[in-house]
Amino acid sequence: MINSSIPIVIVTGFLGAGKTTFLRSLIEAGELSKTLFIVNEIGEVGLDQQLLQASGAKDPILLSGGCLCCEMKNDLGYTLRDLYLKWPDKANPPIDKIVIETSGLASPASAILQLAQDHWLRDRFRLSQIIGVIDSEFGLETLKTNELAVDQVIYSDTVFLSKQDKVNAEQSAHLTECILRINPRIKIKGVNGKDIKSADHYFMSPARTDTMRQVSNPSVDHLLEYSTTNISMPDAIPWKSLASALDELSQTYQNDLLRVKGVVYIKELITPIVIHGVRGTFMQPEVLAMKDHTHASLTLISAGTHANVIAEHLSRQLLA
Ligand SMILES: Nc1nc2c(ncn2[C@@H]2O[C@H](COP(=O)(O)OP(=O)(O)OP(=O)(O)O)[C@@H](O)[C@H]2O)c(=O)[nH]1
């Protein structure tokens, strides 16, 4: 069934590396029009799903509230089965590939094993590529301090260096050297949102060469090194208050605050804005053009166990 099976591309990479941005650039460049996206989010709110949809992806499927490699290990299999069984003409599926964007805290190992070990899935779907996205700005630090990020590189066939606009050639060369030491067979490609190439350039070369590679499930407690919390933000906030609260947060917690992401309403705008923070650095917010009312909330992910403490700090700042 190899020729008629649906190829699956896994896009992996640590928190805030730029996975969604990379996929959005491809979609906005007119690529991936027959692709089905499955998005895994550790938080409850499906921001990446909404962002992909806003860029033109058709009905992305959200697997939220945990990692594909642990709590949600079986959900991928159920989702693929469900999808396949709904196609009226199995010989002519309505899609030509599936892209799975994993959460930043997921190892791709479980998905690799599931696709290899389940014969029903194996007859209908095939893993064609694992693409790692690595943040050029924070990648070296991330690889030094997070085993999970190293795993993501080990399992990747190709890696993209995102955020190259934020580093110089020497920093890029150091990161490249580090990645090649972890996985000497990996293909490294730079990503610049403005210079995005065709999807095939990234997705279809080369074929996977790692069939003999040892794959093992990540330890079930790998998430204990991190904590995640969600703050509901039902009310619109004056932009000045929000900006100063986020500024205070980044100064207080810096590197411990691995990721802040979510959608917030501000008093000055009718549409919500998207907040992105990576390692305590907040990006310019993006206005989210959504037709429906969007549930406003922020997800905070920290190294260690104190995401709740950081969330309480933020709530106090917003009330001040
Ligand atoms: N300057 C710059 N910013 C980027 C680039 N790629 C991504 N970003 C920004 O980095 C932040 C995080 O990007 P995402 O694409 O959401 O990262 P992600 O890997 O999907 O994040 P998680 O799913 O939460 O792990 C956003 O504010 C992006 O706009 C890039 O090439 N250059």
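For ligands, and for the atoms within them, numbers begin at 1 and follow the listed sequence.
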*With respect to atom 16 (O) of ligand 1, which of Arg259, Glu286, Arg24 exhibits the smallest heavy-atom separation?*
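Among Arg259, Glu286, Arg24, the closest heavy atom to atom 16 (O) of ligand 1 comes from Arg259.
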For ligand 1, is there an N or O atom under 3.5 Å from any N or O atom of [X]?
X: Val278; answer: no
X: Phe22; answer: no
X: Gly13; answer: no
X: Ser162; answer: no
X: Lys163; answer: yes

*Taking all heavy atoms of Thr229 and all of Ala307, pick out the closest pair and write down the distance.*
CG2-O, 3.4 Å
*Report yes or no: is the cationic atom of Arg124 (NZ for Lys, CZ for Arg) closer than 6.0 Å to the six-membered ring centre of Trp120, at no more than 45° off its axis?*
yes
*asked:* Applying a heavy-atom cut-off of 4.0 Å, say which part of Lys261 lies close to ligand 1: side chain, backbone, both or neither.
replied: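 Side chain only.
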*Under 4.0 Å from ligand 1, counting heavy atoms only, is it the side chain of Asp165, its backbone, both or neither?*
side chain
*Thr21 side, atom OG1; Lys163 side, atom NZ - distance, nearest 0.5 Å*: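 The OG1 atom of Thr21 sits 7.5 Å away from the NZ atom of Lys163.
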_Numbering as shown, the atoms of ligand 1 that approach Leu15 to under 4.0 Å (heavy-atom distance)_ = 25 (O)
*Ligand-residue contact atoms, ligand 1 with Thr21, heavy atoms, under 4.0 Å*: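 So the atoms of ligand 1 that pass are 6 (N), 7 (C), 13 (O), 14 (P), 15 (O), 28 (C).
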*Going by atom types only, do Ser136 and Gln171 share a side-chain donor-acceptor pair under 3.5 Å?*
no
